[in-house]
Amino acid sequence: MCHSLLGWCKTEAQHRSTFTNTKRYILLVVLALTFGAVSPGQDSTTSAAFRGLPVRSTLADPAIESKVDALLKQMTLEEKVGQLVQYSVGTAAGPGTGREDYDDLVAKGEVGSLYNLNGAAAANHYQHIAMEKARLHIPLINGLDVIHGYRTEFPVPLGLAATWDPELVQKAARIAAEEASAAGVRWTFSPMVDIARDPRWGRMIEGAGEDPYLGSVMARAYVRGYQGPKLNASDSIAACAKHFVGYGAAEGGRDYNTTEISVHTLHEVYLPPFYAALDAGSPTIMSAFSVLNGVPAAANPFTLTQILRDEWHFPGIADSDFGAVRELMAHGIANDGETAAYRAFSAGLDMDMEGNIYHQYLAELVNSGKISEARLDESVRRVLRVKFAVGLFDHPYTDESREKTGPLPRQNLDVARTAAERSFVLLRNESINSRHLLPLTNAQQTVALIGPLADDAGEMLGSWSSHGQPSDVVTLKAALTERLGADRVKYAKGAEFRTATDEQIGAAVNAARSADVAILALGEDAPTMTAEAASRAHLDLPGRQEELLEKVCATGKPVVLLLFTGRPLTLPWAFAHVPAVIEAWYPGVQAGPALVRILYGEAAPSGRLTVTWPRAVGQIPLYYDALSTGRPAGNVDLTRPPSNAVEKYVSRYIDEVNAPQFPFGFGLSYTGFRYSAPAVSTTKLSARDLAQDLRSRPADSKTVITVTADVTNTGKVAADEVVQLYVGLRGTSTAEPVRALKAFQRVSLAPGETKKVSFSLTPESFAVWDIQNNYTVEPCEARIWVSPDSASGSPVLVEIGQ
Ligand code: BGC
């Protein structure tokens with residue numbers, strides 16, 4: 001396989017190859033229908049993500065293809081271009097935005113998709129114009145960023161990932177789809193499946209964290225939830241996997257910045273969650289803002305055509321990000337709009353979100369012969385295909401009576417509360433008078449509740465909260481007061497996010513002095529500090545919050561710190577001095593009730609980190625599935641500066657340990673868990689057989705080895721444990737991670753109970769992107785861990801022979 005096409009040299013040749021792909025696609029559709037093989041994936045968490053084979057697609061339907069053919073024949077050039085144009089209706093948010101002539105544009109068939117419409121009536125307004133006034137009656141597809149809920153807001157995606165509970169994430173996405181579709185939304189720009197290994201990057205909050213396997217499992221869960229059993233049902237919304245690809249690797253963590261990612265790492269780390277989302281049936285994908293290896297992602301033929309179309313055979317829409325086609329001029333690969341349109345379109349990007357570039361220049365590029373009409377038809381076909389698959393031609397309008405304004409239904413709240421509860425990660429729980437501080441007891445009569453996040457309903461919704469309403473949120477203060485009564489809760493805000501007066505801090509310290517325990521709710525201001533365009537160079541608590549924390553701790557009262565952040569913060573003092581710390585992310589509408597249940601032990605914490613937590617910003621990027629260097633630190637004591645050559649010339653810092661504050665997968669409970677050594681069903685596998693299986697479908701259902709371990713709840717309370725399985729390969733043609741997650745299970749254990757946890761591994765669990773750029777299994781030694789996090793346990797060895 002050749003991967004040297006990092007440029008935009010393809011023009012007609014590329015168009016021809018894409019055109020051939022269409023034929024190949026149609027053939028696949030027919031074959032698939034004949035053999036009944038096409039269905040969205042229904043795999044368990046142990047099936048792997050990436051196969052490098054064509055993705056399965058919900059768009060495969062020959063009946064749709066003939067309807068598209070019929071329509072294409074009737075379309076004018078302008079109408080075709082119109083299908084590739086997307087605008088945000090609403091306030092101006094950049095060049096070309098905030099237009100007012102949408103009625104007219106829709107009536108002329110000059111726009112294919114609108115987004116950011118406010119509610120079903122607005123969606124129907126434009127849809128009526130498209131269906132009644134436009135010549136060919138092609139429906140619009142209406143989009144919105146429904147990221148972690150529409151109105152019922154769940155924890156932010158990084159928190160949802162920390163549940164390690166894909167079924168729950170799927171349920172949350174289903175509720176989001178039901179609510180959003182009732183408001184006329186049929187396309188969400190979610191899930192964000194960017195792997196993020198740099199907490200300086202503000203968008204870490206929007207994804208599932210650093211791991212490609214977990215990211216792939218979560219990607220599938222979102223897609224299944226949004227799209228439900230039938231994509232064309234009126235309560236389903238089309239997913240969009242974003243941002244293709246590598247956006248999370250922005251240099252320095254600075255948003256929109258350049259990325260350099262090798263083809264090997266691209267395939268092993270960054271591509272798998274995209275593949276998983278598409279293979280689960282996502283009919284759309286969005287390109288990234290960033291430059292990948294010298295070529296902007298919005299105009300990158302290597303990713304948008306070679307990988308997406310030639311290798312994965314993706315038949316759906318490749319959308320740009322907001323204004324990204326226009327931004328090709330700022331990137332310096334186009335000096336004018338026409339060249340920007342040419343670069344993006346000829347690279348394989350179908351739709352221009354908000355750039356107002358395709359709209360202006362695409363027809364002229366076709367007229368002048370720079371872009372063939374066949375190539376244009378190809379992109380229009382993809383858009384129409386998705387519109388048919390979503391059912392918009394048959395049911396273009398939204399039943400406005402479905403749009404609810406009353407209180408959120410109980411069943412939605414229950415899912416929101418469970419999701420929040422399972423997302424909290426207990427990071428620290430020291431003993432005071434030989435008892436762990438958490439859970440709190442009723443003996444602690446009065447509680448001082450302090451911090452800018454203790455009673456801020458809007459903040460609990462996190463960033464990208466769609467139509468979430470602060471009035472739906474139960475804050476920690478409200479829930480605590482409900483449980484304890486107002487007399488027992490002494491509330492003092494203590495600080496704003498970025499500022500505090502001495503009086504505010506003094507009042508908080510006094511509240512703590514007069515209480516039995518202090519709970520501090522500290523962190524980042526969600527919309528402005530942990531979101532898009534919210535990169536941070538300093539990962540501390542903003543403003544005077546750390547000072548507030550230290551002063552409250554100085555009272556000598558027991559302190560529980562609740563962190564509300566969209567990323568790990570480097571807080572060495574807190575992790576050394578504060579007895580109990582919970583990472584709460586932004587929990588959504590049920591923040592308060594979920595926190596109170598955890599604080600008072602009605603449920604044990606069971607969230608686990610999906611990002612490595614650094615001690616110092618200088619360690620970043622820091623992630624668990626790293627390669628070994630030629631000079632691993634081994635047994636060298638890294639807590640002291642090197643005192644001789646043996647200690648010095650290893651891969652280390654001279655002023656900080658290598659280890660993170662908390663490893664990936666980490667999280668404490670209110671009980672303990674004991675793991676037996678893992679047992680394997682075989683200690684020998686054949687690389688040839690596994691590689692063969694990888695290439696034949698359905699590879700993901702073939703178990704090649706079973707790994708079991710006994711896990712025991714050694715404490716006195718019932719709790720869930722997230723049992724994690726890691727594989728490390730040695731002896732392969734490329735250096736592979738020392739250990740990488742390949743499976744996990746969330747297991748409920750009663751006090752004293754032991755469960756045998758069994759993992760069925762498939763060929764993908766042992767696959768590598770090899771030195772020849774093939775996805776394969778090579779003869780090597782596999783180490784398999786079953787452990788509570790990525791840094792503990794002892795492996796069992798399995799030989800992968802020829
Ligand atoms: C973001 C996308 C989002 C789009 C539309 C952009 O700024 O990068 O993730 O989907 O806006 O709102």
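Heads up: numbering here begins at 1 and tracks the sequence. Counting starts at 1 for both ligands and their atoms, in listed order. Keep in mind the model is a prediction, meaning the values are calculated, not measured.
Not a single heavy atom of Met192 sits closer than 4.0 Å to an atom of ligand 1. The closest approach between His243 and ligand 1 falls below 4.0 Å for a heavy atom of the residue. Contact annotation: Tyr256 has no heavy atom less than 4.0 Å from any atom of ligand 1. Put simply, part of Met286 is less than 4.0 Å from ligand 1, judged by heavy atoms.
Between Tyr275 and Trp312, the angle of the ring planes goes over 60°, which puts this pair in the perpendicular group of the 30/60° scheme. Aromatic ring pairs are classed by plane angle as parallel below 30°, tilted from 30° to 60° and perpendicular above 60°; the pair His128 and Tyr397 is parallel.
The ligand atoms of ligand 1 that sit less than 4.0 angstrom from a heavy atom of Lys242 are 2 (C), 3 (C), 9 (O), 10 (O). Those atoms of ligand 1 that come under 4.0 Å of a heavy atom in Phe189, given as number and element, are 10 (O). Proximity to Phe322 (heavy-atom distance under 4.0 Å) selects the following atoms of ligand 1: 6 (C), 7 (O), 11 (O). Which parts of ligand 1 touch Glu532 is read off a 4.0 Å heavy-atom cut-off, strictly below it: atoms 1 (C), 6 (C), 7 (O), 8 (O).
If you look at Arg203 next to ligand 1, the close heavy atoms, those under 4.0 Å, all belong to the side chain. Looking at Trp464 against ligand 1, only its side chain comes within 4.0 Å, counting heavy atoms.
Residues Gly149 and Glu153 approach most closely at O-OE2, 3.1 Å, considering heavy atoms.
Side-chain atoms of Leu117 and Tyr102, non-hydrogen and from C-beta on, never get closer than 4.5 Å to each other.
Taken from CD1 in Ile237 to CG in Leu144, the straight-line distance is 8.5 Å, to the nearest 0.5 Å.
Between Lys108 and Glu78 there is no salt bridge, since no side-chain N of the basic residue sits under 4.0 Å from a carboxylate O of the acidic one. Under 4.0 Å is where a charged nitrogen must lie from a carboxylate oxygen, and between Arg151 and Asp472 at least one such pair does. Using a 4.0 Å cut-off between charged nitrogen and carboxylate oxygen, Asp198 and Arg567 do not count as a salt-bridge pair.
The protein atom (non-hydrogen) at minimum distance from atom 10 (O) of ligand 1 is Asp145 OD1, 2.6 Å. The nearest protein atom to atom 6 (C) of ligand 1, hydrogens excluded, is given as Asp321 OD1, 3.0 Å; this is a heavy-atom distance.
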